[in-house]
Amino acid sequence: MNGDQTRLTFELQKELDAMRQEYLALTPPDIAETFRKAAEELVLSGIEERSLKVGQRVPDFVLPNAVGRDIRLSAVTAGNTAVISFYRGAW
Amino acid sequence: MRAYQNVLPQIKALGAVLLAISPQTADKSQATLLKNFLQYEVLSDVGNHVARQFGLVYPLNAEVRRIYLGFGVNLAEYNGDESWELPLPGSFIVDRSMTVRFSFVDADYTRRLEPATIIETLRTLGGEGGVP
């Protein structure tokens, strides 16, 4: 179990860093620069500070899952802890 | 998202449910699930309404939009709206009283929370007795 955990730790970031190196090698410098600037602006916008923090209440929501069935957060948290992960999409 | 699939059995064993949320339409989410053999809920937050309540939404600027379109990525089509907004990747652990017990948000969107950290945090919260 511990061995598994050690292997898992930092695996994802390593994979993402490798993808980033590959991306930088394949991306024209002007495009890479546009993305770099946009990323910098995003950090400076203070968005991170405005996100929900530990101790704050999450507003309840209902969203459709991949087959169109509605999932209500409060129904999930009635019986379980919820791990909510936002991602941008797979494109 | 595949990285989370690997720790899904551990998340479940710790009494937690994983919900992934993206602005993609349900059809696109289903394609993602099938392509990556994911076995957890992928919820479709068209218009980023829920992401906005979490304070995670930002617009892509005109230059970046042009580049995306040049790559053949038409976000308006994937997301079913014309906003060209995206959520910042972020992960939250929410307990039974709907309170945030752990959050990870990084404005550098090339960084992600390590799934192993979620497992460790769930284990710690469980140990405290606060989260069953």
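Small disclaimer: the values here were computed from a predicted structure and weren't measured. Numbers restart at 1 for each chain; the letters A, B, ... are given by sequence-line order, proteins then strands.
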Q.
Within this structure, what is the CD-CZ distance for the pair A:Q56 and B:F92, rounded to the nearest 0.5 Å?
A. 9.5 Å
Q. Given the options B:S103, B:G70, B:P87, which has more heavy-atom pairs under 4.5 Å with chain A than any of the others?
A. B:P87
Q | Best-contacting candidate, B:I118, B:V46, B:V42, against chain A by heavy atom pairs under 4.5 angstrom | A | B:V42
Q. What orientation do A:F35 and B:F71 show, parallel under 30°, tilted 30 to 60°, or perpendicular over 60°?
A. tilted
**Q.** Segment of A:E41 engaging chain B (4.5 angstrom heavy-atom cut-off)
**A.** side chain
Q.
If you count heavy-atom pairs within less than 4.5 Å of chain B, which of A:V76, A:N65, A:L52 leads?
A. A:L52
Q. B:S22 versus A:Y87: any side-chain heavy-atom pair under 4.5 Å?
A. yes
Q: May I ask you to name which of B:L60, B:N48, B:T99 has the most heavy-atom pairs under 4.5 Å with chain A?
A: B:T99
Q. Looking at CD of B:Q24 and CZ of A:R88, how far apart are the two atoms once the value is rounded to the nearest 0.5 Å?
A. 11.0 Å
Q | Rounded distance [0.5 Å steps], CD1 in B:I93 versus OG in A:S85 | A | 10.5 Å
Q.
Is A:A78 close to chain B through its backbone or its side chain, or both, or neither, when contacts mean heavy atoms under 4.5 Å?
A. backbone
Q: Could you state whether A:V43 and A:I47 fall into the same hydrophobic cluster, counting links through intermediate Ile, Leu, Val, Met, Phe, Trp or Tyr residues with side-chain heavy atoms under 4.5 angstrom apart?
A: no
**Q.** Selection from B:T25, B:N61, B:D45 maximising heavy-atom pairs under 4.5 Å formed with chain A
**A.** B:D45
Q: Would you check if B:V50 and A:F86 make a side-chain contact, meaning some heavy-atom pair closer than 4.5 Å?
A: yes
Q. So which heavy atom on A:V83 is nearest to which on B:A16, and how close?
A. CG2-CB, 4.2 Å
**Q.** Engaged part of B:T121 at the chain A interface, taking heavy atoms whose separation is under 4.5 Å
**A.** neither
Q. Is there a side-chain contact between B:F54 and A:F61 (heavy atoms, below 4.5 Å)?
A. yes
Q.
Does any backbone or side-chain atom of B:V57 lie under 4.5 Å from a heavy atom of chain A? Answer side chain, backbone, both or neither.
A. backbone
**Q.** Contacting moiety of B:F104, where chain A heavy atoms sit under 4.5 Å
**A.** neither
Q. Side-chain heavy atoms under 4.5 angstrom apart, residues restricted to Ile, Leu, Val, Met, Phe, Trp, Tyr: same cluster for B:V73 and A:I31?
A. yes
Q: Kindly give the heavy-atom pair with the smallest separation between A:L63 and B:S44, and that separation in Å.
A: CD2-O, 3.5 Å
Q.
Donor-acceptor pair, distance only, cut-off 3.5 Å: does the side chain of B:R96 make one with the backbone of A:G79?
A. yes
Q. Residues of residues 67-74 of chain A under 4.5 Å from chain B (heavy atom pairs)?
A. A:V67, A:R69, A:I71, A:L73, A:S74
Q | Atom group of B:L56 that falls short of 4.5 Å from chain A, counting heavy atoms | A | both
(Q) Could you check whether any side-chain heavy atom of B:D95 comes within less than 4.5 Å of a side-chain heavy atom of A:T77, counting everything from C-beta outward? (A) no
**Q.** Donor-acceptor contact below 3.5 Å, side chain A:E48 vs main chain B:A107
**A.** yes
(Q) Counting only heavy atoms from other residues, nucleotides and ligands, does the tally under 6.0 Å from NZ of A:K53 exceed 12? (A) yes
Q. Is the backbone of B:G15 close enough, under 3.5 Å, to the side chain of A:N80 for a donor and an acceptor to pair up by distance?
A. yes
Q | Approximate separation, where rounding is to 0.5 Å, of B:L18 CG and A:T81 OG1 | A | 12.5 Å
Q.
Taking side chain as everything from C-beta outward and backbone as N, CA, C, O, which of these in B:E41 sits under 4.5 Å from a heavy atom of chain A? Side chain, backbone, both or neither.
A. side chain
(Q) Can you tell me which of B:G55, B:A51, B:G90 forms the most heavy-atom pairs within a distance under 4.5 Å of chain A? (A) B:G90
